[in-house]
Amino acid sequence: AGPFLKEGPSAELKESVYQYMGRCYEREKITDRAIILYKLAADLYPKNYFFAARLADIYLDTGFYENAAAVFLKCFRVRL
């Protein structure tokens, strides 16, 4: 994905790449990279709730309930 992103694709394509990269990291159990990527993508694309939801799911699955709650609260504040 790195070389593709360096070519300067459209914002929509970048958004899709971030989704696929995050899911690949999750599938390969590279949780730390998935968290970093989802945090970045959630900031870049605040209207796309996929990133925040995946981040919150990772936090819930790993027992970081306070972090998950903070992500959910941030997500709901953006919606309002």
Colleague: Please indicate whether Phe64 has more than 12 foreign heavy atoms, meaning atoms of other residues, nucleotides or ligands, lying under 6.0 Å from its CZ.
Modeller: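 Count not over threshold, so no.
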Colleague: Tell me every residue that passes side-chain hydrogen bond (donor to acceptor under 3.5 Å, both in side chains) with Asp61, counting only those two or more places apart in sequence or in another chain.
Modeller: none
Colleague: Heavy atoms only: give me the nearest Ala42-Ala52 pair and the separation to one decimal.
Modeller: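 Reported closest heavy-atom pair: CB-N, 4.5 Å.
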Colleague: Could you check Ile58, Thr62, Asn67 and say which one makes a side-chain contact (heavy atoms from CB on, under 4.5 Å) with Ile35?
Modeller: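 Of all the options given, the one that passes is Ile58.
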Colleague: Rounded to the nearest 0.5 Å, what separates atom CG in Leu37 from atom CD in Gln19?
Modeller: 10.0 Å
Colleague: Taking atom CZ of Phe50 and atom CG of Leu55, what is their separation to the nearest 0.5 Å?
Modeller: 11.0 Å
Colleague: To the nearest 0.5 Å, what is the distance between OH (Tyr18) and CG (Leu44)?
Modeller: 5.5 Å
Colleague: List the residues meeting salt bridge (Lys or Arg N to Asp or Glu O under 4.0 Å) with Arg33, not counting sequence neighbours, and say none if there are none.
Modeller: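 Arg33: no salt bridge (Lys or Arg N to Asp or Glu O under 4.0 Å) contacts found.
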Colleague: Which distance, rounded to the nearest 0.5 Å, do you find between the CD of Glu66 and the OH of Tyr59?
Modeller: 12.0 Å
Colleague: Identify the two heavy atoms, one from Ala56 and one from Ala68, that lie closest to each other, and give their separation to 0.1 Å.
Modeller: O-CB, 3.7 Å
Colleague: Side chains of Phe51 and Glu15: closer than 4.5 Å at any heavy-atom pair?
Modeller: yes
Colleague: Please give me the minimum heavy-atom distance between Ala11 and Tyr45, naming the atom from each residue.
Modeller: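 Looks like O-OH, 3.3 Å.
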Colleague: Can you confirm whether Tyr65 is buried at OH, in the sense that more than 12 heavy atoms of other residues, nucleotides or ligands lie under 6.0 Å from that atom?
Modeller: no
Colleague: Holding to salt bridge (Lys or Arg N to Asp or Glu O under 4.0 Å), I want the full list of residues that pass it with Asp57, two or more places apart in sequence or in another chain.
Modeller: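 Salt bridge (Lys or Arg N to Asp or Glu O under 4.0 Å) check on Asp57 returns Arg54.
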Colleague: With distance as the sole test, does Tyr38 use its side chain to make a donor-acceptor pair with the main-chain N or O of Gly22 at under 3.5 Å?
Modeller: yes
Colleague: Report yes if some heavy atom in the side chain of Glu26 is under 4.5 Å from a heavy atom in the side chain of Thr31; otherwise report no.
Modeller: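 A side-chain contact under 4.5 Å is absent here.
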Colleague: Taking the side chain as every heavy atom from C-beta outward, state whether Tyr25 and Ile36 have any pair of such atoms under 4.5 Å apart.
Modeller: no
